[in-house]
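Scroll down for the structure; my scribbles are underneath it.
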Amino acid sequence: MGKFLIKIVALICLLALILFGVNGIYVKNNPNAFLEMTAESDISQLDKFLEVGDKLLVSNVGSSHGQRGFNYSELNEKGIGTMNFGLSAQLPSYDYRILQQYRDNLQEGGIVFIPISYFSYGLDEAKAPDFQSKNFRYYYFLKAKYIKDFSLKYAAIEKFPILGAEDKLFASFDQVEETGAPAAPVAPEAPEDLAIRDGHYAANSHAEQAGMKILDEEVEAVEGMIRLVKEEGLTPVLVTVPYLDEYNRFVPPELETLVKDKTNEIAKKFDVGYYDYSRDSRFLGRYELFSGANHLSTEGQIY
């Protein structure tokens, strides 16, 4: 019996060594293997969660509107602790989970910005076709208890991407370079035209995803964040970042009213501020302050 157990242990160790070795080779040849299975395109946006500092006096959560809406470079130069917890397409229900994990990093007396977008309350991400790829990124830095629909399978794939390689496992890593006639030069698009095209697409997409509904899960997440931030001795601030008119004009008025009424209701309930910059005239027609129609550029972040 003892020899049998020794053989089993030896076999397990051998398989583990093989897995480590093959995975190492696979990752070396496919450095973006993890990213290719997620909705993220920039690993630095996930790495930042592994280096969250202590004593955060100014921070924010949010979707890409939060991710690209705040610039703390000047505060960092002064030694003030900051953190941008925003990620693309991130809803309040994940904002809240992230704040719960990092609540001990918040510094009493500080401020936490909670961005509210037109899709914040109505998007049911669990029903979205890209839910798994978007959800997978959180295995990179969140504890299991904070990950929606946590699965040991995906936890293993995060550590060993080769387990999720599927048909890529034995594919050749040598890509044949395609040749052909050089592309014809494209005339630069006028800022106004670019903003209209981007605004129309983004607004329609957001309205379609959110619909005319308010989900309890997202409202409760916003309220949970307000309570958490107050409990830690900080000031929560609800905010809607600036948008170009080329985005706002395509957002259904009923959706805008629904979202802002709910946000004002929450602000009143908890006696917190809600700052709505979505139609701020200072940003009207200032295309240099935007990247697209609903995201601030670096210049716009520090404006």
Side-chain angles (χ1 to χ4, degrees), residues 58-75 82 84-86 88-92 95 111-123 188-212 214 218 222 225-226 235-303:
V58 183
S59 61
N60 68 273
V61 289
S63 64
S64 56
H65 291 151
Q67 180 188 37
R68 299 164 65 178
F70 298 87
N71 188 313
Y72 300 129
S73 56
E74 293 186 5
L75 295 179
T82 67
N84 189 324
F85 290 107
S88 62
Q90 184 163 276
L91 295 177
D95 288 336
I111 185 171
V112 176
F113 293 103
I114 304 173
I116 302 296
S117 305
Y118 296 140
F119 54 82
S120 290
Y121 301 126
L123 200 163
E189 193 170 8
E192 299 92 332
D193 295 334
L194 177 62
I196 291 175
R197 180 165 57 82
D198 180 78
H200 181 267
Y201 173 80
N204 284 348
S205 176
H206 294 162
E208 181 180 353
Q209 293 172 348
M212 292 297 298
I214 299 289
E218 302 306 331
V222 172
M225 284 188 281
I226 293 174
T235 300
V237 176
L238 301 174
V239 59
T240 297
V241 299
Y243 306 132
L244 281 173
D245 178 63
E246 284 80 356
Y247 171 72
N248 280 319
R249 73 175 68 165
F250 294 112
V251 174
E254 301 85 0
L255 176 60
E256 181 178 357
T257 299
L258 181 70
V259 170
K260 292 182 178 180
D261 283 351
K262 173 54 69 173
T263 306
N264 278 308
E265 177 186 316
I266 294 173
K268 183 177 181 180
K269 177 180 178 180
F270 291 92
D271 191 26
V272 298
Y274 172 42
Y275 298 88
D276 179 11
Y277 297 104
S278 62
R279 295 180 178 273
D280 192 321
S281 60
R282 292 173 296 177
F283 291 83
L284 188 65
R286 298 291 300 278
Y287 301 109
E288 75 278 9
L289 302 180
F290 289 84
S291 176
N294 67 120
H295 294 111
L296 292 171
S297 64
T298 301
E299 184 177 353
Q301 294 167 9
I302 58 178
Y303 176 67

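Count residues from 1 along the sequence. Basis for what follows: all heavy atoms, side chains included, without hydrogens, waters or symmetry-related copies.
Closest non-hydrogen pair, Ser59 versus Tyr72, comes out as C-OH, 3.6 Å. Nearest heavy-atom pair across His295 and Ser64 is NE2-OG, 2.7 Å. Nearest heavy-atom pair, Asp95 versus Gly62, reported as atom, atom and distance to 0.1 Å: OD1-N, 3.0 Å. In terms of heavy-atom proximity, Met212 sits nearest to Leu258 at C-CD2, 3.9 Å. Among all heavy-atom pairs drawn from Leu296 and Gly300, the shortest one is CD1-O, 4.0 Å. In plain terms, the two heavy atoms of Leu91 and Glu218 that are nearest each other are CB-OE1, 3.6 Å.
Here the side chain of Glu256 pairs no donor or acceptor atom with the backbone of Asn248 at under 3.5 angstrom. The main-chain N or O of Arg68 is found under 3.5 Å from a side-chain atom of Gln301 such that the two form a donor-acceptor pair. Between the side chain of Asp198 and the backbone N or O of Ala293 there is at least one donor-acceptor pair closer than 3.5 Å. With Thr263 contributing its side chain and Val259 its backbone, the two residues share a donor-acceptor pair below 3.5 Å. A distance-only check finds a donor-acceptor pair linking the side chain of Ser120 to the backbone of Ser117 [under 3.5 Å].
Between His65 and His206, the angle of the ring planes goes over 60°, which puts this pair in the perpendicular group of the 30/60° scheme. The aromatic rings of Tyr275 and Tyr277 lie parallel to each other, with less than 30° between the two planes, well short of the 60° mark.
Between Val222 and Tyr121 the shortest side-chain heavy-atom distance falls below 4.5 Å. Between Pro115 and Phe70, some side-chain heavy-atom pair lies under the 4.5 Å cut-off. Residues Val272 and Ile114 are not in side-chain contact: their nearest non-hydrogen atoms beyond the backbone lie 4.5 Å or more apart.
Separating the CG atom in Asn204 from the OH atom in Tyr247 is a distance of 10.0 Å, to the nearest 0.5 Å. Remark: Tyr287 OH to Glu299 CD distance equals 15.0 Å, nearest 0.5 Å. If you take CG on Asp276 and CG on Asn264, they are separated by 8.0 Å, rounding to the nearest 0.5 Å. To the nearest 0.5 Å, the span separating CG on Asp245 from CZ on Arg279 amounts to 6.5 Å. Rounded to the nearest 0.5 Å, atoms OG1 (Thr82) and CD1 (Ile111) are 13.0 Å apart. Here the CZ-NE2 distance, from Arg249 to His200, works out to 11.0 Å after rounding to the nearest 0.5 Å.
The environment of Asp271 atom CG is sparse: at most 12 non-hydrogen atoms of other residues, nucleotides or ligands sit within 6.0 angstrom.
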Checking side-chain contact (heavy atoms from CB on, under 4.5 Å) for the pair Ser88/Gln67: CA distance, chi angles, key distance, verdict?
CA-CA 7 Å; Ser88 62; Gln67 180 188 37; 4.0 Å; yes
Using the rule given for salt bridge (charged side-chain N to carboxylate O under 4.0 Å, His left out), can you reason through Glu265 versus Lys262, listing the C-alpha separation, both sets of side-chain angles and the distance that settles it, and then say yes or no?
CA-CA 5 Å; Glu265 177 186 316; Lys262 173 54 69 173; 3.1 Å; yes
Using side-chain contact (heavy atoms from CB on, under 4.5 Å), reason through Val58 and Phe113 one step at a time and then give a plain yes or no.
CA-CA 8 Å; Val58 183; Phe113 293 103; 4.0 Å; yes
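Defined by atom type and a distance below 3.5 Å, a donor-acceptor pair is present between the side-chain atoms of Ser278 and Lys260. Counting only N and O atoms by type, the side chains of Thr240 and Tyr118 include no donor and acceptor under 3.5 Å apart.
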